Amino acid sequence: MHKITVTTIQTTELVDITQRLQSVVEETGMDDGILYLFCPHTTAGLTLNENWDPDVKRDVLLTLDNDIAPPDSRHRHGEGNSPAHIKSSLFGANTLVFVEGGKLQLGRWQGVYLAEFDGPRQRQVWLKFLHSATG
Amino acid sequence: MHKITVTTIQTTELVDITQRLQSVVEETGMDDGILYLFCPHTTAGLTLNENWDPDVKRDVLLTLDNDIAPPDSRHRHGEGNSPAHIKSSLFGANTLVFVEGGKLQLGRWQGVYLAEFDGPRQRQVWLKFLHSATG
Amino acid sequence: MHKITVTTIQTTELVDITQRLQSVVEETGMDDGILYLFCPHTTAGLTLNENWDPDVKRDVLLTLDNDIAPPDSRHRHGEGNSPAHIKSSLFGANTLVFVEGGKLQLGRWQGVYLAEFDGPRQRQVWLKFLHSATG
């Protein structure tokens, strides 16, 4: 597998890693197939979303942090970061992206994000290229 | 990759695409492996859920639209569809389904859905067939 | 595909299946690639999260069951388990995990869980090993 390191700077943050992934595709000579991404952390995740208007990231995190999984005095986990664990399972630790002709294939407005929910930290993303049956 | 177009008719809607996918499997001669599905949109997603009682779809969307990611005056994204972006990341833009003997393999009550969160629109689903090591 | 059966004992429960998966990897001689997991149920799911402090599981389910998708008198689905269907789509029915040298590759704190949302029941997880292009 290939690994990239992502340094986050805020408690919760959507870090656009699209260009980093495109560079890995180019460096490793992937041509046609599917790039598999795995996040080996339990207080972070991976997601696809709009990378045009930065207010989308802001609004997504505002609702997620304040309403969907806010701090909760009923939580018992000693580290106090249970909301981050919840968000990690909601977003998921995997994603897959098409590659054709050495280029990531995304929708017009899509970017690939590492979702940091308990930063700032150093995070890793593990990558591997999958063959398709017809590619 | 193979692409299918899905026309949605409501603002939020779960469109059962199971039969469309089965047709693609048959047309393209996929036999044993895994069908990968990708949604190139940031206000829609892909999910698996019950396709027997239509009230399941209704209840899922009712809670999602009204309670989990409702309209919110704190949102700033100019298009006003931040709840759709949130729901897209919660459901995810990918799924994978087993194919054996040219038939999609799903649980007894499962269907594959395009989840529309900002319709009505024309949506695409991108597909590719993956080999397995043992299939 | 390979199938394992998981017996759940509570209404909602995160069942750590990491060791079960490692056993399947060893029995079937998988070496380097990616293990694909599929949950053929619409009131359960698959997720990765911390498997060290059991309070993480407790806190995740507490928020999910009470706040994100609680029982709701507006739901119409006759079986009364619409919250379980919602949680199933939020967590997702698929996950993928790296295997190298015959060992599951997870982050330091990660375990693989079957998420039961409408138990107790007998559940299945379907598995298949995927080749990578470079593995």
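Chain letters run A, B, ... following the sequence lines, proteins first, then strands; residues in each count from 1. Just so we're clear, the structure is a prediction, and the values are computed from it rather than from any experiment.
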Chain C contact via B:Asp53 - side chain, backbone, both or neither, heavy atoms under 4.5 Å: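 The side chain, not the backbone.
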
At a heavy-atom separation under 4.5 Å, does B:Ile34 approach chain C through its side chain, its backbone, both, or neither?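 Contact with chain C is through the side chain of B:Ile34 alone.
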
Taking CD in C:Glu26 as the centre, count heavy atoms belonging to other residues, nucleotides or ligands within less than 6.0 Å. Is the count above 12?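 It does: C:Glu26 CD has more than 12 such atoms within range.
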
Just verifying a value: how many Å separate C:Tyr36 OH and B:Leu130 CG, rounded to the nearest 0.5 Å?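 C:Tyr36 atom OH to B:Leu130 atom CG measures 9.5 Å (nearest 0.5 Å).
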
The criterion is side chain to side chain donor-acceptor pair (under 3.5 Å); which residues satisfy it with B:Thr18, sequence neighbours excluded?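 Listed in chain order: B:Asp16.
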
Going by residue number, which parts of residues 60-73 of chain C are within reach of chain B, meaning a heavy-atom gap below 4.5 Å?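 Within residues 60-73 of chain C, the residues under 4.5 Å from chain B are C:Ile68, C:Asp72.
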
Do any of residues 90-107 of chain C come closer than 4.5 Å to chain B, heavy atom to heavy atom, and if so which ones, in number order?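 Listed by number: C:Leu90, C:Ala93, C:Asn94, C:Leu96.
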
With a 4.5 angstrom heavy-atom cut-off, could you sort out which part of [X] is near chain B: side chain, backbone, both or neither?
X: C:Gln124; value: neither
X: C:His85; value: both
X: C:Leu35; value: neither

Of the options B:Val56, B:Asn51, B:Asn49, which is the one that meets C:Thr42 in a side chain to side chain contact (heavy atoms under 4.5 Å, CB included)?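 Passing option: B:Asn49.
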
Does B:Asp59 have any side-chain contact (heavy atoms from CB on, under 4.5 Å) partners at least two apart in sequence or in another chain, and if so, which?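 Residues passing side-chain contact (heavy atoms from CB on, under 4.5 Å) with B:Asp59: C:His75, C:Arg76, C:His77, C:Ser82.
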
B:Glu50 side chain to C:His41 main-chain N or O, any donor-acceptor pair under 3.5 Å?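 Not confirmed, B:Glu50 side chain does not pair with C:His41 backbone.
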
Looking only at heavy atoms and a cut-off of under 4.5 Å, which of C:Gly78, C:Pro40, C:Cys39 has the most pairs with chain B?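 Going by pairs under 4.5 Å, I would pick C:Pro40.
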
